[in-house]
Amino acid sequence: RRAFWEQLEHEYAWHQRHRGNLTMMFIDLDKLKRINDTYGHGVGDQVLIQLAEIFRRELRTEDYIARFGGDEFAMILRHTTEEDGVRLARRLKTAVANFGFGPDLKPLRATVSIGVVGGQGPSIPAPDVLAEEADRWAYVAKQHGRNRVACRLTDSSLPAA
């Protein structure tokens, strides 16, 4: 977690200085407790590992991903507008929903709720605010039915697309 905060501070400073676009995502795995209770914690752990692999395949090498909590991941997206972050978040959401998780190739479906926040240069929120806002928007996505992307750019209906 310390490495994540150090990376976020570094990216924030660089993007402030060079007036670049910086976007952050918080991704929550929906209903991890249900997966653990139904299939066991070992399967839940495998789902988290497979989830991280999906994210790694979809991200660029310069992007930064970290497991932030039990079922939460945080991503720092360099040189990325909030609009492009939303497009990536929707792609990630779809990739996760279409993936068959689980042991012995038994299809187990999982979904994610994603919050996206970004800015450019001086308009980038401070690192702690950026993280809080991305987490808050992920929570908004969960409140509106899960398997969603939410940010200040989405309308109040939070389309699932």
Side-chain angles (χ1 to χ4, degrees), residues 1-11 22-78 80 82-118 127-154 156-161:
R1 217 171 186 185
R2 185 179 63 213
F4 168 81
W5 286 109
E6 289 172 0
Q7 185 69 27
L8 183 57
E9 292 281 346
H10 172 78
E11 294 296 336
L22 179 65
T23 296
M24 185 174 169
M25 282 187 213
F26 257 58
I27 303 174
D28 288 339
L29 175 61
D30 296 327
K31 301 183 180 180
L32 178 61
K33 182 178 177 356
R34 189 186 76 202
I35 293 170
N36 285 337
D37 291 349
T38 303
Y39 301 99
H41 289 274
V43 171
D45 290 346
Q46 286 303 310
V47 168
L48 290 168
I49 290 167
Q50 291 171 319
L51 190 63
E53 287 302 316
I54 291 169
F55 297 155
R56 281 191 196 105
R57 281 194 303 269
E58 293 291 331
L59 292 176
R60 305 166 301 178
T61 56
E62 65 266 23
D63 296 326
Y64 190 85
I65 181 171
R67 186 165 170 206
F68 205 76
D71 63 350
E72 216 170 41
F73 292 82
M75 293 182 188
I76 303 167
L77 308 172
R78 288 180 168 180
T80 303
E82 194 166 320
E83 293 88 353
D84 287 338
V86 168
R87 280 191 277 283
L88 172 60
R90 288 180 171 158
R91 201 168 69 236
L92 293 172
K93 179 185 72 68
T94 300
V96 170
N98 291 333
F99 188 81
F101 294 89
D104 303 323
L105 303 177
K106 293 179 186 172
L108 165 65
R109 297 295 174 195
T111 60
V112 291
S113 297
I114 306 175
V116 182
V117 176
D128 58 331
V129 174
L130 193 67
E132 287 170 12
E133 283 293 301
D135 188 36
R136 185 176 72 79
W137 282 110
Y139 183 73
V140 168
K142 279 190 179 288
Q143 285 181 311
H144 284 85
R146 296 183 172 85
N147 193 29
R148 300 199 181 263
V149 174
C151 76
R152 62 185 164 198
L153 300 176
T154 57
S156 60
S157 65
L158 294 172

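The first residue of the sequence shown is numbered 1, and numbering continues consecutively from there.
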*Asks:* Show your reasoning for whether side chain to side chain contact (heavy atoms under 4.5 Å, CB included) applies to Leu32 and Leu48.
*Replies:* CA-CA 9 Å; Leu32 178 61; Leu48 290 168; 4.2 Å; yes
*Asks:* Looking at every non-hydrogen atom in both residues, tell me the closest pair between Asn36 and Gly44 and how far apart they are.
*Replies:* OD1-CA, 3.2 Å
*Asks:* Look at the rings of Tyr64 and Phe4 and say which category their plane angle falls in: under 30° parallel, 30 to 60° tilted, over 60° perpendicular.
*Replies:* tilted
*Asks:* Please determine, by modelled atom types, if Ser113 and Asp28 share a side-chain donor-acceptor pair under 3.5 angstrom.
*Replies:* no
*Asks:* Look up atom CD in Glu83 and atom OG1 in Thr23, then write down how far apart they are to the nearest 0.5 Å.
*Replies:* 8.0 Å
*Asks:* Which salt bridge (Lys or Arg N to Asp or Glu O under 4.0 Å) pairs, counting each pair once, include a residue from residues 63-74, with sequence neighbours left out?
*Replies:* Arg60-Asp63
*Asks:* Quick check for you: to the nearest 0.5 Å, what is the distance between Lys93 atom NZ and Ile54 atom CD1?
*Replies:* 13.0 Å
*Asks:* When you check the gap from the basic side-chain N to the acidic O, do Arg34 and Asp37 get nearer than 4.0 Å?
*Replies:* no
*Asks:* Show the nearest heavy-atom pair for residues Ala52 and Phe73, with the distance to one decimal.
*Replies:* CB-CE2, 4.1 Å
*Asks:* Mind listing the closest non-hydrogen atom pair of Met24 and Ala134 along with its distance?
*Replies:* O-CB, 4.1 Å
*Asks:* Looking only at heavy atoms, which two atoms of Val116 and Gly85 are closest? And how far apart?
*Replies:* CG1-C, 4.0 Å
*Asks:* Quick check: closest heavy atoms across Ala141 and Arg148, and the distance to 0.1 Å?
*Replies:* CB-O, 3.6 Å
*Asks:* Roughly how far, to the nearest 0.5 Å, is CD1 of Ile76 from NE2 of His10?
*Replies:* 10.0 Å
*Asks:* I need the Asp84 CG to Glu82 CD distance, nearest 0.5 Å.
*Replies:* 10.5 Å
*Asks:* Between CZ of Arg146 and NZ of Lys31, what distance do you get to the nearest 0.5 Å?
*Replies:* 5.0 Å
*Asks:* Do Val47 and Leu108 have side chains that get closer than 4.5 Å, going by heavy atoms?
*Replies:* yes
*Asks:* In Å, rounded to the nearest 0.5 Å, how long is the span from CE of Met75 to CG of Leu92?
*Replies:* 5.0 Å
*Asks:* Looking at Gly118, is its backbone amide N or carbonyl O close enough to the side chain of Arg152 to form a donor-acceptor pair, meaning the two atoms are under 3.5 Å apart?
*Replies:* yes
